[in-house]
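Start at 1 and go down the list; that is how both ligands and their atoms are numbered. FYI, side chains are in, hydrogens and waters are out, and symmetry mates aren't considered; it's all heavy atoms of this structure. Residues take their numbers from the sequence shown, with the count starting at 1.
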Amino acid sequence: MLELHLHLDGSLRPESVWDIADSQNINTGCSSLEEIRDNMICPPHCPDLTDYLRRFDIPILVFQKESNIERFSYELVEDLAKEGLEYAEIRFAPSHSVKEGLSQEAVVEAVISGINRGMKMYPQIKIQLILCCMRGDNMYEANMKTINVAKTYYGKGVAALDLAGAEALFPTDSFRELFDYARSLDMPYTIHAGEAAGPESVISALSFGAHRIGHGINSIKDESLIERIIKDNITLEVCIQSNIDTKAFPENEVHPIKKLYDMGVHVTLNTDNRTVSNTTLAHEIELAKSIGFTDDDINKMWEYAKMARFD
Ligand SMILES: [Zn+2]
């Protein structure tokens with residue numbers, strides 16, 4: 001098993017967050033591990049995307065010191081190895097961890113140190129990192145910095161770039177200059193698109209030269225886009241439970257992944273945020289089977305994921 005779409009800050013162990021907040025006097029507003037857990041995990045009937053995104057508030061608080069970042073990175077590798085993964089691409093936004101003075105380079109080095117320790121302990125798994133540029137106000141300089149940092153550590157733990165954050169508020173097309181720059185440095189990238197926004201977002205991401213799309217499920221609404229995705233061998237990193245939680249597709253409809261697969265799109269199974277969505281790859285496989293995927297189909301999706309790896 002392998003996964004291509006997994007956010008580090010959405011996959012922290014609540015026990016470790018509690019331990020760190022308690023021992024370092026970090027004010028999370030929670031007075032017990034149970035409360036931390038309730039804040040970090042989205043409820044089964046998550047009201048909306050805003051509620052989902054609120055689940056990242058506490059992780060960001062404890063993600064500002066090198067030793068904490070190293071520990072969380074190691075622990076995620078351990079969790080993935082124990083689930084039986086052979087390969088994973090873990091993504092995070094270095095610009096989210098500079099609130100207490102760390103540089104983006106220091107953040108990336110702390111993550112690399114944690115994953116290297118994890119791979120030493122669990123040599124059966126290989127990890128690569130994806131650095132996320134963020135949608136948002138006044139992010140231009142921080143995002144340019146993230147691209148430069150990704151270039152510095154490319155081949156030394158970092159494999160690619162991403163664009164994450166509120167897609168409906170900050171359209172993909174407005175980030176063209178950023179990806180022109182990334183391309184000029186020969187940096188590969190995937191882009192979150194077609195999750196909270198429509199097919200036009202995926203069309204923009206493809207026009208930037210992306211060969212992989214985070215989610216991309218709203219491509220289903222545009223037949224000519226689907227044809228292009230198939231013709232150009234574009235891979236969609238689909239995260240079923242996360243899409244259920246954020247209501248990325250209508251509640252009364254079946255998730256479009258099976259329809260996309262049957263049309264010939266290279267779809268893959270991923271968790272997105274293991275803690276926030278309270279999921280594992282085993283759970284994503286169960287969800288896929290519940291909407292009609294056979295074991296052979298699931299094996300084919302692992303093959304699609306292997307072909308799209310950034311390493
Ligand atoms: Zn994501």
Side-chain angles (χ1 to χ4, degrees), residues 2-12 40-42 46 48-57 59-60 63 72-73 76 80 85 88-97 111 127-136 139 143 146 150 158-172 175 179 188-197 201-202 204-205 210-219 234-249 255-257 267-281 283-284 287 305 308-310:
L2 64 162
E3 73 169 312
L4 307 179
H5 193 124
L6 169 60
H7 294 262
L8 176 54
D9 56 345
S11 306
L12 310 185
M40 290 175 67
I41 302 174
C42 170
C46 191
D48 50 30
L49 183 63
T50 312
D51 186 273
Y52 190 86
L53 293 176
R54 195 170 63 76
R55 313 284 156 188
F56 294 87
D57 292 351
I60 287 174
F63 223 74
F72 287 125
S73 305
L76 181 54
L80 299 176
L85 274 73
E89 289 171 4
I90 297 175
R91 63 186 75 193
F92 63 100
S95 61
H96 273 174
S97 295
V111 176
I127 305 288
Q128 292 284 324
L129 300 174
I130 297 175
L131 305 192
C132 302
C133 294
M134 294 304 297
R135 299 170 195 267
M139 287 303 296
N143 284 337
T146 299
V158 173
L161 284 158
D162 177 30
L163 176 64
E167 183 192 5
L169 298 178
F170 302 94
T172 302
F175 295 89
F179 286 95
Y189 41 84
T190 175
I191 296 177
H192 279 74
E195 176 193 19
S201 183
V202 179
S204 295
H211 292 286
R212 274 172 45 180
I213 300 291
H215 301 284
I217 58 169
N218 280 326
S219 308
I234 305 299
T235 301
L236 302 189
E237 308 155 1
V238 181
C239 314
I240 304 176
Q241 183 62 53
S242 166
N243 292 158
I244 295 170
D245 292 340
T246 62
K247 299 187 167 51
F249 64 100
H255 191 285
I257 184 172
V267 288
T268 58
L269 292 180
N270 305 275
T271 60
D272 207 8
N273 298 291
R274 286 175 169 250
T275 304
V276 179
S277 280
N278 197 17
T279 187
T280 57
L281 270 187
H283 175 68
E284 299 296 327
L287 288 171
R309 285 163 61 149
F310 277 130

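The aromatic rings of His215 and His192 lie tilted to each other, with the angle between the two planes from 30° to 60°.
By the side chain to side chain contact (heavy atoms under 4.5 Å, CB included) test, Ala248 is found to be paired with Glu195, Ile217, Asn243, Thr246, residues two or more places apart in sequence or in another chain being considered.
Residue His283 places its NE2 atom among more than 12 non-hydrogen atoms of other residues, nucleotides or ligands, all under 6.0 Å distant.
Distances under 2.8 Å from the Zn ion (ligand 1) pick out the protein N/O/S atoms His5 NE2, His7 NE2, His192 NE2, Asp272 OD1.
Side-chain atoms of Asn278 never come within 3.5 Å of backbone atoms of Cys42 as a donor-acceptor pair (strictly under, hydrogens ignored).
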Practice item. Report the C-alpha separation of Leu6 and Leu76 in whole Å, then their side-chain angles, then the decisive distance to 0.1 Å, and conclude whether the side chain to side chain contact (heavy atoms under 4.5 Å, CB included) test is met. Key: CA-CA 10 Å; Leu6 169 60; Leu76 181 54; 4.2 Å; yes

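Between Arg54 and Asp57, none of the side-chain N atoms (NZ, or NE/NH1/NH2) sits under 4.0 Å from a carboxylate O, so this pair counts as no salt bridge.
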